[in-house]
Number of protein chains: 2
Amino acid sequence: MARPQEFNTAEALRQAMDTFWQKGYEATSMADLLKAMGLSKSSLYAAFGGKRELFLAAFDAYREERGREMQQILAQGPARDAIEQFFRKIIADAGDGGAPSRGCMSINQAVELAPRDPEVRSRISRDFAGMEALFTQAIARGQMDGSIGNSDEARNLARLLVLAFPGLQVMVRADGDREQLNQTLNLLLSTLD
Amino acid sequence: MARPQEFNTAEALRQAMDTFWQKGYEATSMADLLKAMGLSKSSLYAAFGGKRELFLAAFDAYREERGREMQQILAQGPARDAIEQFFRKIIADAGDGGAPSRGCMSINQAVELAPRDPEVRSRISRDFAGMEALFTQAIARGQMDGSIGNSDEARNLARLLVLAFPGLQVMVRADGDREQLNQTLNLLLSTLD
DNA sequence: GGTATTATGAACCAATCGGTCCATAAGTCA
DNA sequence: TGACTTATGGACCGATTGGTTCATAATACC
C-alpha cells in the first residue's frame, strides 16, 4: 500500500527485552529504549504503544522464549542429567566478562513489579506453575528411567527445584561466586538421588 | 545550643527504610519519602544528604536489624528447630492482609541495584557471607546436639540454605502460596536429617 | 507520473524528577 | 531580654520523565 517499515519489529522488540532485562522497568527510560531499539519516538509509539505496553510485550517474548528453552533442555538425555544441565547453564550464562549478569527477567520482575502490578504478578505465577510442571514431568521420567533414585512424589521434589531456581538466579545477578554456586548445586541435585 | 530537631532521626530513618523496602529504590520518589518520614525537604537533606545517601543509611539499618534478628532466632533451642523457625517466619511474615509482601530488602536490592552499584553489591555479598556463617555455626551445633543427622560438612549444608533463602524471599514477594511454600520447606529441611 | 497512504524525525508538552537556597520561626544560653 | 544558633517551610532550579503532534519524506498502486 504505502511506505514500508524500516525496522524489523521482532528484532526491535528483542532489543527492548534486553534493556528491560538488564536494567529493570523503572531504571529504563524511553531514551534508553530508543537508543537500544534504534528507532524514533513516533515509530516506537506507533508500533508498540507506551512504555508499559512495550514492556509487557518484551516480557512475554522473554517468557515464551525461555519456556521453550527450558522444555528443550529438560527433554534431552536422562532426566537427572537434563535437570543438572538446566541449573549449570544458569551459572554458566552469567556474563564471563566484567559485565553484570542479568539473571532471569521473570525473577527480576517478581521482585520489582509483581508486588504492585497484578498483570505482572499473574504472569509470574504462571511462570512458576509452568516450571513446576516441567520439573515434575522430568522428575517422573527420571524415576522411571532410573536416573533419579528419590521416590518422593515428583511434584514435591519439583517444588524444591522451583524454590532453588529464584535463589540461584538472584545470586547470579548479585555476582555470586560461580564456583561456589556450582558446588552448592551438587548438594541440591544430590537430593534427587 | 539552639533550636532542637522536631523529629526523631532514628524513627524517620525507619520510615524511609519501610518505603524503600516496599517500593525499591527507583520507584521511590523524594516526595514519597517526605510524606512517609513526615518532614520537610530541607530537614531531610540536612539530616540525611541526598536520596542515595538516605537509601544507604536505611539499607544499613535494615541489614543490621535483620542480622541481629537472625542471630537471635538461630540461637534458640535445638539447632534444627531454630533453623526451621527461621524459615517458617519468612512465610508467616508475609502480609496476611491483601497488602503485598515486602520480602527481604537485601534480596530485593540484589536484583535491583546490585548489578550496577558496587557499594550495594558489596553489602549484599557481606549479607550472604554473614548468613552462611550463621547457618554454618547453627548446623555445626545441630550436628553436636544431635538435632541434625546429616554429617556432610556444615558449610556445604549452610550454602544450600543460603541458596534457598533468596528463593523463598522472592516467592513470598511475588505472592506465592504460603501453604505450598511451607510444604516445600519440609523437603528442604529434611535434607538436614 | 500522479495520488493516496504511511513511516519517520523533530519540535513541543506538562508533569515530575532530585536538589538548592533563603527568609523566617523557634528555640538555647548568657 | 537580647544575641546567637539552628531547624523549618516554601519558592525556585534545570534536567529529565513519558507522551503527543505535525509537517515531511518515502513508498506502493494505478
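Using cut-offs of 30° and 60° on the angle between ring planes, the pair Phe20(B) and Phe55(B) is perpendicular. Between Phe135(B) and Phe86(B), the two ring planes are perpendicular [angle over 60°; tilted spans 30° to 60°].
Here the P atom of nucleotide dG9(C) and the CG atom of Leu34(A) are 10 Å apart, to the nearest Å. Protein atom CZ of Phe7(A) is 15 Å distant from nucleotide atom P of dT27(D), rounded to whole Å. As a whole-Å value, the separation of Lys35(A) NZ from dT17(D) P is 11 Å. Between the P atom of dG18(D) and the CD atom of Glu26(A) lies a distance of 9 Å, rounded to the nearest Å. Straight-line distance from the CG atom of Leu33(B) to the P atom of dT16(C): 17 Å, rounded to whole Å.
Using modelled atom types, one finds no donor on one side chain facing an acceptor on the other under 3.5 Å when comparing Ser125(A) with Ser122(A).
Taking a cutoff of 4.0 Å between a charged side-chain nitrogen and a carboxylate oxygen, Arg126(A) and Glu64(A) do not qualify as a salt bridge. Residues Asp93(B) and Arg178(B) are not paired through a salt bridge, judged by the lack of any N-O separation under 4.0 Å between the basic side chain and the carboxylate.
Taking Phe128(A) as the reference, nothing meets the ring-ring contact (aromatic ring centres under 6.0 Å, His included) condition, with sequence neighbours excluded.
Within residues 36-55 of chain B, the residues that have a heavy atom under 4.0 Å from DNA chain D are, in order of number, Ser40(B), Ser42(B), Ser43(B).
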